[in-house]
Amino acid sequence: MKKIIRINMSKDVPEVVEEAMGRYEGLGGRGLTSGIVSSEVEPLCHPLGEENKFVIAPGLLGGTASAMSGRLSVGCKSPLTGGIKESNAGGQPGQALARLGIGAVVIEGKPRGGDLYKIEVSKSGVRVVKDNSLKMLTNYELIERLRKDYGDKIAVMSVGPAGEMRLSGASVACTDMELRPTRHCGRGGVGAVMGSKGVKAIIIDESETKALEPRDPEGFRDANRRFVLGLQRHPVTGQGLPAYGTNVLTNIINEVGAYPTYNFREGQFAGARRISGEVEAEIEKERGGNPTHGCHRGCVIRCSGIYHDKDGHYLTKQPEYETVWAFGGNCGIDDLDKIAMMDFLCDDIGLDTIEMGVAIGVLMEAGLIKWGDADSAISLLKEIRVGNPMGRIIGNGAEYTGRAFGVDKVPVVKGQGLPAYDPRAVQGIGVTYATSPMGADHTAGYSIATNVLKSGGFVDPLKPEGQIELSRSLQIATAFIDSTGMCLFVAMAMMDQPETYQALLDLINSFYGWNMKESDVVEYGKRILKMERDFNIRAGFTSKKDRLPMFFYKDPLPPHNKVFMVKDEDLDKVFDW
Amino acid sequence: MRIKVKLFGGLKLPFKHQENVGEYWITLEKDYTIENLINLLSLSGKPLIIVVNGFICNDLQKKLEDGDFVSLFPPIAGG
């Protein structure tokens, strides 16, 4: 039986209460974080106030022996968007929490003073310990401290200085298999909310935990075998992602003219090949890094990697496509070593790489630094670490930066910076950016799969027709997958191979003793989206929030010279099912 | 006619070429189709994403024209 751990930080001595899943039974991951936030958080509250809650939830299959099931969701009201937020990451904490029988951790209230706490989670229970010596440590510094105190058999969630400063671009770091803070719940300023609760780190003792026992062990084993075979057989999950990582996308998105360049002025970047996944993998091999590495135990896709500097020393994990784009083409930078340094700084300070890249692009738009000036961009990120006014402006994200410097071309939806696909050249992703309850989020309904990569069919990316239906079905399916603890990349194989889809359902059914069918998946996804939309409406959102910034409708994007053409009245139909 | 072939994601030319940057100008006879080109590159039967002059191409019988840019990718994803 899974349980919910509630920690009340408003008490003089933080109070820990354990309770049954109750009305949240059957929910996991995003479904559980959004379920708790939508029913327990006052939508009009200040995101950094005591009424907000910070919810952590492994997925439905978290803690099991199933492959790919280590994603962990965090949820809250977002300081960046003002709406509901779920942000998920890989790494070890998801599996570790779930193996301890924990369905969710809910951190409530807010300490009155300025004390900083760490939360210890182990087989013997949950302890909240005051530790002001951890103040303003970066994530890497913090982990080294914790390694000395607790040993290697831990998994850690933490905030860096950005989270402690409650900046809206702050992330929550999750440690990977090497106990490095490289996997981040990046989007929406979730780190600021964890920081506002006075919590620096959650330290989960992994020792003496074992995989959760399924109801039907034999059926589960068989389903897992079929699931893994399906992932290994599919060319994307079996070959492309392991060999080159997510950054294999740079070239194709650039070739189809959808690679946002110079703050979304152009759709192609002359330096794209130099920062592509193919080049990145070569650098990693040459320098003794590793281009094929999983972010958590049980990952068979292994889209991540290890990036070494020119001297062969560890610099950061393999920067992902979105990160390489945000600091690369978006800022006119074509130097992978500099981009990798920015990736490291964001992990260390605890920042969302997409939001920071978009914010720096806005600063370049304002003329404060020149396009392509990587050294100035690196200095700016270091200013966030120090917490000076300039650093704090950037650390609060693209919209805030645009306002501070009087920029009118600011690529955000619901206050959240757009990711690495221009919606004028891939119209389907524009529908997702505009309508997702999360703000501009590519993962929420990844139309690139069908608009460009031909997974699950093909819908012409340059025309408005078919995009509403595409985004709707993807948003529904994603809400479900984000609830399972599965990495979203499993969808690439599931969209093309019905037997792999069935294997995932069989995993869930054999674990819980359920009889979930495809139609139930759709209902599950819709239920989550409905809860999230409902929260946003109560927070004051109207359909006017489900729009792209005006320049996408009037400034044609070279080379195709298209604008975003999906009509407003059609955007308003995405959730009419 | 001359067209430019751009290869990505580990795809390689099956013959020697003086250019070695993943982008190659090659000379073809008139009326060459995408399918002919794929055969020439020894890529027939392999799943590919084909981009011609920035547009995703779903028609293997499409005739190539002088100056076309053809970009070829194995199945990939990311994000």
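Note on naming: letters A, B, ... go to the chains in the order of the sequence lines (proteins, then strands), and numbering restarts at 1 for each one. Values reported hereafter were calculated over all heavy atoms of this structure, with side chains retained and with hydrogens, waters and symmetry mates removed.
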| A:Glu255 versus chain B, the contacting section by heavy-atom distance below 4.5 Å | both
| field | Contacting region of A:Pro235 [heavy-atom separation from chain B under 4.5 Å] | value | both
| task | Give a yes or no on this: more than 12 heavy atoms of other residues, nucleotides or ligands lie within 6.0 Å of atom NZ of B:Lys6. | result | yes
| Hey, does A:Pro419 have a side-chain heavy atom less than 4.5 Å from the side chain of A:Arg187? | yes
| field | Toward chain B, the part of A:His560 with a non-hydrogen atom under 4.5 Å | value | side chain
| message | Which atoms of B:Ile76 are under 4.5 Å from chain A, going by heavy atoms: the side chain, the backbone, both sets, or neither? | response | both
| field | chain A contact via B:Pro74 - side chain, backbone, both or neither, heavy atoms under 4.5 Å | value | neither
| Identified side-chain contact (heavy atoms from CB on, under 4.5 Å) partner of A:Phe489 from the options A:Leu231, A:Leu241, A:Val236 | A:Leu241
| message | Please classify the contact of A:Leu462 with chain B as side chain, backbone, both or neither, using a heavy-atom distance under 4.5 Å. | response | side chain
| request: With B:Val5 as reference, evaluate B:Leu28, B:Leu40, B:Leu37 under the side-chain contact (heavy atoms from CB on, under 4.5 Å) test and give the passing residue. | output: B:Leu37
| said: Tell me if a side-chain donor or acceptor on A:Gln318 pairs with a main-chain N or O of A:Tyr307 at a distance below 3.5 Å. | reply: no
| So, A:Tyr421 versus A:Tyr321, ring centres under 6.0 angstrom or not? | yes
| request: Using non-hydrogen atoms and a 4.5 Å limit, figure out which bit of B:Phe73 sits close to chain A: side chain, backbone, both or neither. | output: side chain
| request: Please look at A:Asn247 and chain B and tell me whether the side chain, the backbone, both or neither of the residue comes under 4.5 angstrom of a heavy atom of that chain. | output: neither
